[in-house]
Undergrad: 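Let me give you the structure first, and then I'll get to my questions.
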Amino acid sequence: MIDPAAVRRSGRSQGMRTEASTRYERGVNQVELDIAWKRAIALILEVAGGQVVDYAVGDTRPDASEFSHRISLRLERVQKILGCVEDSGDAGARDLRADEVERVLTALKCELMATEAGDGDGNGRMWTVTVPPYRYGDLTREIDLIEEVARLYGYNRFCTTALPKTELGFLPAETQLVRKLRSVCRGAGLTELIQYSLRKPEGSRQVVISNPLLAEYSALRTNLLDGLIEAFQYNWEKGNGGLLGFELGQIFWSDDAGLQEAETFGGIMGGDPSIGRWQRGGQEAPMTWYEAKGILEQIFAGLGLTVEYRADRSNDRLHPGRTASLWTRGDSLGIFGQLHPQLCQSRDLPSGVYVFQLDMEVIYKTLVTNARPNVHFKGFSTYPASTRDLAFFAPVTLSVADLERTMVKVGKPLLTQVEFFDDYRGKGVTEGDHSLAFRLTYRSNTGTLTDQDVEPVHQKIRDTLTEQFGVILRS
């Protein structure tokens, strides 16, 4: 017996598609083969003038009963799925009757045997339906029979009255967050990119497909950065300037646990996005680290996401001194950094190109799963703020994020904002150190702060930085 699934798999694996495979992969009515070969002989005799000398039949087919199965069908289920039908009488609408169901299925050469007679109106009626061999692979469930009833009875004869009551629709929190993320990215000046998930196989962790259309697209991507860099390069080579784009998509990989998949958010920024180059004599100015970070910070602020930056050197494609891993609430969010100069040189790209890739599952966990269920409005303070500048010498290996975190912790509740505004290295600064300057904002919700209120807190921050990090104060 010919298995349609086996024919289909064999044809795809061998890359061969013939008329026979097209026919047999859809299934052949095994029971009525006798009619087919007898008709073929009759046509030879009638059209070609042939003559039957002798013939023999070799039949290896299983019993015909194997090509027919029985399905239980409930009238109540038919009426519930299909609804009411239009009645030309005074009733206007009514349920489908048992005799109408029997008439439709009998026309398909199905054999019906009533197992439950039901009441006088047909309620509770049930049948055991024997499917004809020519629909053996097509009609396998009760819902298949219901579909045939609707198709042959006529879709236009069913009532189109809407339900009397509907429920309000809603969007899942994850979908709302994705829509907000797209809106925030567009507001930050980024254009959404949509790229193929298939790439050229390059690593052992890639998932390779068995029947690719092209060798260049025979494996699933393991990251978004490769595609974003290629999109930037294509845009740059065509003379369209830099590219500010983002992409939301799936990445795939294989490990000891099996095949894995994750939703990822990535972006690329580079070139000169400014307007008014006449101020610089028409010269382009490459994007700086702080400009790229500002765009990323704008996205985080729009989402309400607090992110910490930590120095990172793990990615060979990124600049070792201008790359940071991103963290939120102790979870690894992703990576952000400048493309390595050697990579830019090999691809003929401008020097200031920055990329980022974030894990959407961490964003969902932070903003949806662990978010506070109720958000309460908190009024702004009506009292003026008091600012103090704090400058000191610190080793270049010391993280600014650690310094800011310590200031906020020690200065609570009066300290409301810490702004890092200056980083100087050069004459007058010891080698291996740099001069950092911060602006600290103090504010109270109960009254105007005086010097007696601010100075103790400010001095406590100075002493803590000196004791904990060994900085040398300048102011």
Side-chain angles (χ1 to χ4, degrees), residues 3-17 21 25 137 140-141 171-179 181-182 192-231 245-268 303 305 307-308 310 312-318 323-337 343 355-371:
D3 183 8
V7 175
R8 185 165 52 251
R9 287 195 300 267
S10 300
R12 291 180 69 90
S13 62
Q14 299 299 324
M16 298 175 60
R17 189 168 184 83
S21 66
E25 72 182 14
T140 59
R141 302 170 299 166
L171 290 175
E174 291 80 2
T175 304
Q176 296 182 35
L177 179 59
V178 170
R179 290 190 175 187
L181 176 59
R182 284 193 168 100
E192 183 170 7
L193 310 177
I194 301 177
Q195 305 186 83
Y196 290 120
S197 297
L198 297 174
R199 300 190 55 80
K200 184 178 180 180
E202 296 175 347
S204 58
R205 298 178 65 235
Q206 280 187 300
V207 180
V208 181
I209 59 179
S210 58
N211 56 338
L213 297 176
L214 297 171
E216 290 78 8
Y217 300 101
S218 58
L220 297 174
R221 62 186 177 186
T222 56
N223 61 78
L224 298 182
L225 299 185
D226 292 336
L228 292 171
I229 295 173
E230 291 178 1
F246 73 96
E247 181 178 7
L248 280 163
Q250 306 293 122
I251 61 173
F252 313 85
W253 71 95
S254 61
D255 54 21
D256 297 337
L259 303 180
Q260 306 293 334
E261 177 181 357
E263 187 176 2
T264 312
F265 168 50
I268 189 166
L303 295 176
L305 195 64
V307 177
E308 177 186 347
R310 301 179 186 176
D312 191 284
R313 296 173 177 265
S314 61
N315 198 314
D316 297 335
R317 291 171 298 186
L318 303 182
T323 302
S325 60
L326 308 180
W327 298 76
T328 178
R329 299 186 183 181
D331 294 327
S332 176
L333 178 61
I335 194 168
F336 165 65
L343 177 62
V355 294
F356 63 87
Q357 180 171 293
L358 311 179
D359 188 348
M360 285 300 297
E361 291 298 325
V362 177
I363 297 179
Y364 291 147
K365 175 183 175 183
T366 305
L367 299 181
V368 177
T369 307
N370 295 337

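Values below: all heavy atoms of this structure, side chains included; hydrogens, waters and symmetry mates excluded. Positions are given from 1, in the same order as the sequence printed here.
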Undergrad: Please enumerate all residues that pass side-chain hydrogen bond (donor to acceptor under 3.5 Å, both in side chains) together with Arg8, with sequence neighbours excluded.
TA: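 side-chain hydrogen bond (donor to acceptor under 3.5 Å, both in side chains) check on Arg8 returns nothing, list empty.
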
Undergrad: How many angstroms lie between CG in Asp312 and CG in Leu318, if you round to the nearest 0.5 Å?
TA: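 Going from CG on Asp312 over to CG on Leu318, the span is 8.5 Å.
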
Undergrad: Working to the nearest 0.5 angstrom, can you tell me the gap between Gln206 CD and Ile251 CD1?
TA: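 Reported value, rounded in 0.5 Å steps: 11.5 Å.
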
Undergrad: Look at atom CZ of Arg313 and say whether more than 12 heavy atoms of other residues, nucleotides or ligands are closer to it than 6.0 Å.
TA: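 Counting other residues, nucleotides and ligands, CZ of Arg313 stays at 12 neighbours or fewer.
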
Undergrad: Among Leu224, Leu333, Ile268, find the residue that satisfies the side-chain contact (heavy atoms from CB on, under 4.5 Å) test when tested with Gln357.
TA: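 Per the side-chain contact (heavy atoms from CB on, under 4.5 Å) rule, the option paired with Gln357 is Leu224, out of Leu224, Leu333, Ile268.
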
Undergrad: Would you say the side-chain atoms of Glu361 pair up with the backbone N or O of Ala262, donor to acceptor, closer than 3.5 Å?
TA: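 Answer holds: no.
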
Undergrad: Search all heavy atoms of Leu326 against all heavy atoms of Phe336 and return the closest pair with its distance.
TA: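 Residues Leu326 and Phe336, closest heavy atoms: CD1-CB, 4.1 Å.
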
Undergrad: What do you reckon, is CZ of Phe252 surrounded by more than 12 foreign heavy atoms closer than 6.0 Å?
TA: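 Enclosed.
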
Undergrad: Crowded around Asp316 CG? As in, over 12 foreign heavy atoms under 6.0 Å?
TA: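 Open: at most 12 neighbouring heavy atoms sit under 6.0 Å from CG of Asp316.
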
Undergrad: Applying side chain to side chain contact (heavy atoms under 4.5 Å, CB included), can you list everything that pairs with Leu181, at least two apart in sequence or on another chain?
TA: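 For Leu181, the residues satisfying side chain to side chain contact (heavy atoms under 4.5 Å, CB included) (neighbours in sequence not counted) are Cys185, Leu248, Phe265, Ile299, Leu303, Met360.
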
Undergrad: Which heavy atom in Leu259 sits nearest to a heavy atom in Ser254, and how many Å separate them?
TA: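 Where Leu259 meets Ser254 most closely, the heavy atoms are CD2-CB, 3.9 Å.
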
Undergrad: From Leu228 CG over to Glu247 CD, what is the distance, rounded to the nearest 0.5 angstrom?
TA: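 Leu228 CG to Glu247 CD: 5.5 Å, rounded to 0.5 Å.
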
Undergrad: With a 6.0 Å cut-off (strictly less than), is the heavy-atom count around CG of Leu171, excluding the residue itself, greater than 12?
TA: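 Yes, the 6.0 Å shell around CG holds more than 12 heavy atoms from other groups.
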
Undergrad: Checking side-chain contact (heavy atoms from CB on, under 4.5 Å) for the pair Asp226/Arg317: CA distance, chi angles, key distance, verdict?
TA: CA-CA 10 Å; Asp226 292 336; Arg317 291 171 298 186; 2.4 Å; yes

Undergrad: Output yes when a side-chain donor or acceptor of Ser10 lies under 3.5 Å from a complementary backbone atom of Ala6, and no otherwise.
TA: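 Confirmed, Ser10 side chain pairs with Ala6 backbone.
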
Undergrad: At what distance, to the nearest 0.5 angstrom, does OG1 of Thr264 lie from CZ of Arg221?
TA: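 Here the interatomic distance stands at 8.0 Å.
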
Undergrad: With salt bridge (Lys or Arg N to Asp or Glu O under 4.0 Å) as the rule and sequence neighbours excluded, what pairs involving residues 197-206 come up?
TA: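 Qualifying pairs, neighbours excluded: Arg199-Glu230.
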
Undergrad: Which heavy-atom pair separates Ile209 from Tyr217 by the least distance, and what is that distance?
TA: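 Shortest heavy-atom separation between Ile209 and Tyr217 comes out as CD1-O, 3.9 Å.
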
Undergrad: Might you point out which heavy atoms bring Val208 and Pro201 nearest each other, and give the distance in Å?
TA: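 Minimum heavy-atom separation between Val208 and Pro201: CG2-CB, 4.4 Å.
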
Undergrad: Nearest 0.5 angstrom please: Asp359 CG to Asp331 CG, how far?
TA: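 Between Asp359 CG and Asp331 CG, I get 9.5 Å after rounding to 0.5 Å.
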
Undergrad: Quick check for you: to the nearest 0.5 Å, what is the distance between Ser210 atom OG and Arg9 atom CZ?
TA: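 Answer rounded to 0.5 Å: 12.0 Å.
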
